[in-house]
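Quick one: structure below, then a few questions.
Note that the structure is predicted; figures quoted are calculated from it, not measured.
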Amino acid sequence: MRLTKTFVPTLREAPQDAEIISHKLLLKAGMIRKVASGIYSFLPLGLRSLEKVKKIIREEMDKTGALEVLFPAILPKEIWEETGRWNIYGNEMFKLKDRKGREFCLGPTHEEAVVDLARGELRSYKELPKTFYQIQTKYRDELRPRFGLMRAREFIMKDAYSFDASMRGLDKSYEKMFNAYKRIFKRCGLTTIPIEADSGAIGGKVSHEFVVISEKAGESEFVYCPKCGYAANIEAAKSAKEGEVEKEEFKAINKVSTPDAKTINEVSEFLNIPKEKLVKSLLYKIDGEFVLALVKGDDELNEVKLKNLLNGKFIFPATAEEVKSVMGASVGSVGPVGVKNVKIIADYRIKNMFNFVTGANEDGYHFVNVNLNRDFSVDAFGDIRTVKAGDSCPKCGARLEVYEGIEVGQTFKLGTKYSEKMNAKFLDKDGKEKYFIMGCYGIGVGRTLAAIIEEHNDKYGIKWPISVAPFEVEVVPLNMSDKTIVEVSEKIYNDLTSSGIEVLIDDRNDVSAGVKFNDADLIGIPVQIIVGRALKREGKLEIKNRDSGEKVLIEPESALKYVKDIIEAKYNALNE
RNA sequence: CGGGGUGUGGCGUAGUUUGGUAACGCGCAUGGUUUGGGACCAUGAGAUCGGAGGUUCGAAUCCUCUCGCCCCGACCA
């Protein structure tokens, strides 16, 4: 492709609304443009890379035996009502009506659509297992679109759905997908870590997220054990059980005045008692029911764990007014002592606490020397604290590390969650009707592209892994008014192109060498062939490796083979 | 939705405090000179200063309303 014949509007300065590096570089390199918040157009270069990611995904999906289909983006309200998600998704769904007033949505995901297909077509266990996948545009009216392609409202997703006759079958289907995901990201040049995850709104029991470590663009925190490899989303990370602690002598409970001390820090400082001796009491509303959650003063409550412990669907912190009316005291002075009619859930670590401090349910007062069972009782204990860096690994006991990650993919073992709701059954070997056992598997294609840039860039621009680069080689003739340079450039361009290599030639004759160098580094094609001074002086081409910055001079006659070899080596490195 | 910020040629900004009729760099067009790390000279095009209303002799600037966009939080590929 000739640069003058395509469209690569590079920018010297990135638009001010771009914050993270991938967003800036995608804009600067002329790969995408914004149309509205969270809505982007792909330009020729960006589209080429996007298609390459899709191609890798297709190849790996097809290898697993998954079948590509394409569901519509517009889906009727009825199937969403069967699963109850028309309301659960709420405002995040783009909803619309046709001229007759029938309601539809732009699909934010496709469990309903695929189950609707399966229940109509799959009748027998003999047809199972089956996995369908599609690469399609999804629509989610995000609360806050962010970071360019990272969190868009219209985005391309690969979503796959497996149907099995048994749990063991699901385990196999899941493992196939899991391994395919590892290969997909590897081939894209991404370093991903599969972490244990909470299954969130999609539902199900087992779930993994594939995350790329990124301090600046990461949106989900996860813990990682450098010793045994345990990795889990912060919402799912298990808290290690603490060892037995020596029991303290119970002291007499005592109400003390704590004027103006509301937060854990303030109370701790005012009473001169360490935070570990305080109990944090937090009132939550779970599916309409109030719950008082207790965690150690130096711990943070994990809302997702609390919700899951109680099998809840919706969890909200109680409002200041609700706290006042339910507890009889303001936020900052509530505690479990004397509480009736509200379920009390405590973190396991509370069991190891003696003579601690809690709010007294009276504004401006706290109790000191509170003790479990003597002063109050708990309805249930559970793991409801948020794991912190430095905590013990729940598997091996080593110290956990905490990272920020970009979630590029997620897999779920759904079980019969959707098939039951939509009454999707097959006839099993034993002649009985059973619900399909499902898994679902998603990859954010645009987000993957952005994550690749987050991982592969320098101050000059993008350093594309060869597998997803818009072109494999860029020929850069530095002086278009020099006949020799143009002739040699054209020859190598034609030779490479006709041997099946994707080549871009910067044939602009109205820009200086500096502009060509800078644009080449910005758009980040992995191999640059620079035709200029070296050719005039020594008759040689300069081959530059964008990633390493390494340059070698080589005779034009040997260039074709040399370039082919480095390209092959680059692909091999990604396929290992 | 809550909190913070911002909107001035295509991009990046100045001007807003203290009202006086839009400036700078890059880019763009034409001609010429250049060609190894964002060249130079000359000429030129391009902005109702996000929008609406108001105050004023006069508004980018002050007031009211409104819209867009970005960042932090809840949600997620």
Subject >> Quiz item: A:Arg12 side-chain donor-acceptor pair to B:rC26 base, under 3.5 Å >> reply: no

**OP:** Could you work out which one of B:rA77, B:rG12, B:rG36 sits closest to the side chain of A:Leu478?
**Re:** B:rG36

Original post:
Nearest-Å distance, CD (A:Glu542) to C1' (B:rG36)?
Top reply: 8 Å

Original post:
Using the C1' atom in both, what is the distance from B:rG53 to B:rA59, to the nearest Å?
Top reply: 13 Å

Original post:
B:rA77 P sits how many Å from A:His208 NE2, rounded?
Top reply: 15 Å

Original post:
A:Glu13 CD to B:rC24 P: how many Å, rounded?
Top reply: 17 Å

**OP:** Scan A:Gly409 against the nucleic acid and name what it touches under 4.0 Å (heavy atoms): base, sugar-phosphate only, or nothing.
**Re:** sugar-phosphate

**OP:** For B:rU64 versus B:rU56, give the span between their C1' atoms, rounded off to a whole number of Å.
**Re:** 16 Å

Original post:
Do side-chain atoms of A:His110 reach the backbone of A:Pro72 as a donor and acceptor pair under 3.5 angstrom?
Top reply: yes

Subject >> Under 3.5 Å on both distances, the Watson-Crick or G-U partner of B:rG25 >> reply: B:rC11

**OP:** Looking at every strand, decide which applies to A:Phe147 at a 4.0 Å heavy-atom threshold: base, sugar-phosphate, or nothing.
**Re:** sugar-phosphate

Original post:
To the nearest angstrom, how far is A:Ile529 atom CD1 from B:rG36 atom C1'?
Top reply: 17 Å

Subject >> Rounded C1' spacing from B:rU35 to B:rU16 in Å >> reply: 44 Å

**OP:** Would you mind reading off the distance between A:Asp519 atom CG and B:rU35 atom P, rounded to a whole angstrom?
**Re:** 20 Å

Subject >> Base partner of B:rG31, which must satisfy Watson-Crick or wobble distances under 3.5 Å >> reply: B:rC41

**OP:** State which of B:rA77, B:rG36, B:rG37 makes the closest approach to the side chain of A:Phe412.
**Re:** B:rA77

Original post:
Between A:Pro470 and A:Arg48, which heavy-atom pair has the shortest distance, and what is it?
Top reply: O-NE, 2.7 Å

Original post:
Using a cut-off of 4.0 Å on non-hydrogen atoms, how would the nucleic acid contact of A:Lys551 be classed: base, sugar-phosphate, or nothing?
Top reply: base

Original post:
Mapping A:Val445 and A:Tyr460 to their closest nucleotides on RNA chain B, which lands nearer the 5' end?
Top reply: A:Tyr460

Original post:
Taking atom P in both B:rC70 and B:rU8, what distance in whole Å separates the two?
Top reply: 14 Å

Original post:
Is there a side-chain polar atom (N or O) of A:Lys34 under 4.0 Å from OP1 or OP2 of B:rC70?
Top reply: yes

Original post:
Between B:rA77, B:rG37, B:rA39, which nucleotide has the shortest distance from any of its atoms to the side chain of A:Val515?
Top reply: B:rA39

Subject >> Closest to the A:Asn479 side chain, choosing from B:rU35, B:rG38, B:rA77 >> reply: B:rU35

Original post:
Does the aromatic ring of A:Phe155 sit over the six-membered base ring of B:rA77, closer than 5.5 Å centre to centre and tilted less than 30°?
Top reply: yes

**OP:** Between B:rC63 and B:rG20, how far apart are the P atoms? Round to whole Å, please.
**Re:** 15 Å

Subject >> Nearest heavy-atom neighbours spanning A:Pro556 and A:Lys540 >> reply: CD-CA, 4.4 Å

**OP:** Please determine if a side-chain N or O atom of A:Arg146 lies less than 4.0 Å away from the OP1 or OP2 oxygen of B:rC72.
**Re:** yes

Original post:
Now, which nucleotide makes the Watson-Crick or G-U wobble pair with B:rC76, with each of the two distances under 3.5 Å?
Top reply: none

Original post:
Hey, is the side chain of A:Arg144 poking within less than 4.0 Å of OP1 or OP2 on B:rC71, counting only N and O atoms?
Top reply: yes

**OP:** Look at the side chain of A:Ala513 and decide which nucleotide, out of B:rG36, B:rC11, B:rC70, has an atom nearest to it.
**Re:** B:rG36

Original post:
Taking atom C1' in both B:rG2 and B:rA60, what distance in whole Å separates the two?
Top reply: 31 Å

Original post:
Who does B:rU6 pair with, Watson-Crick or G-U, both distances under 3.5 Å?
Top reply: B:rG68

Original post:
Would you call the rings of A:Phe94 and A:Tyr139 parallel, tilted or perpendicular, where under 30° means parallel and over 60° means perpendicular?
Top reply: perpendicular

Original post:
Is any side-chain N or O of A:Gln16 closer than 4.0 Å to OP1 or OP2 of B:rG12?
Top reply: no

Original post:
So, does A:Lys516 use its side chain to make a donor-acceptor pair with the main chain of A:Arg508 at under 3.5 Å?
Top reply: yes

Original post:
To the side chain of A:Asp17, which of B:rC70, B:rG36, B:rA77 is closest?
Top reply: B:rC70

Original post:
What integer distance in Å separates A:Glu142:CD from B:rC69:P?
Top reply: 15 Å

Original post:
When all nucleic acid strands are considered with a 4.0 Å heavy-atom cut-off, which category describes A:Asp521: base, sugar-phosphate, or nothing?
Top reply: base

Original post:
What is the distance, rounded to the nearest whole Å, between atom OH of A:Tyr181 and atom P of B:rA77?
Top reply: 10 Å

Subject >> Spacing between A:Glu219 atom CD and B:rC75 atom P, to the nearest angstrom >> reply: 12 Å

Original post:
For the side-chain contact (heavy atoms from CB on, under 4.5 Å) test, which of A:Arg58, A:Glu51, A:Glu59 pairs with A:Lys55?
Top reply: A:Glu59

**OP:** Measure from the ring center of A:Phe178 to the ring center of A:Phe210 and say whether it is less than 6.0 Å.
**Re:** yes

**OP:** Taking atom C1' in both B:rG32 and B:rA23, compute the distance separating them and give it to the nearest angstrom.
**Re:** 29 Å

Subject >> Complement of B:rU18, any strand, by Watson-Crick or G-U distances under 3.5 angstrom >> reply: none

Subject >> Residue whose nearest RNA chain B nucleotide is more 5′ - A:Leu143 or A:Ala36 >> reply: A:Ala36

**OP:** Using the C1' atoms only, state how far B:rA14 lies from B:rU30, rounded to an integer number of Å.
**Re:** 29 Å

**OP:** Please work out if A:Lys158 contacts a base, only the sugar-phosphate, or nothing of the nucleic acid, heavy-atom cut-off 4.0 Å.
**Re:** nothing

Subject >> Closest listed nucleotide, where the reference is the side chain of A:Ser512 and the choices are B:rA39, B:rC11, B:rG36 >> reply: B:rA39

Original post:
Can you pull the ring pair (Phe, Tyr, Trp, His ring centres under 6.0 Å) pairs that have at least one residue in residues 505-542 of chain A, sequence neighbours excluded?
Top reply: none

**OP:** Give A:Ala18 one of three labels, base, sugar-phosphate or nothing, depending on what nucleic acid heavy atoms sit under 4.0 Å from its own.
**Re:** nothing

Original post:
When all nucleic acid strands are considered with a 4.0 Å heavy-atom cut-off, which category describes A:Ser481: base, sugar-phosphate, or nothing?
Top reply: base

**OP:** Identify the two heavy atoms, one from A:Ala231 and one from A:Tyr224, that lie closest to each other, and give their separation to 0.1 Å.
**Re:** CB-CD1, 3.9 Å

**OP:** Tell which nucleotide pairs with B:rG53, taking only Watson-Crick or G-U wobble pairs whose two distances are both under 3.5 angstrom.
**Re:** B:rC63

Original post:
Which part of the nucleic acid, if any, lies within contact of A:Gly444, taking any heavy atom under 4.0 Å across all strands shown: a base, the sugar-phosphate backbone alone, or nothing?
Top reply: base

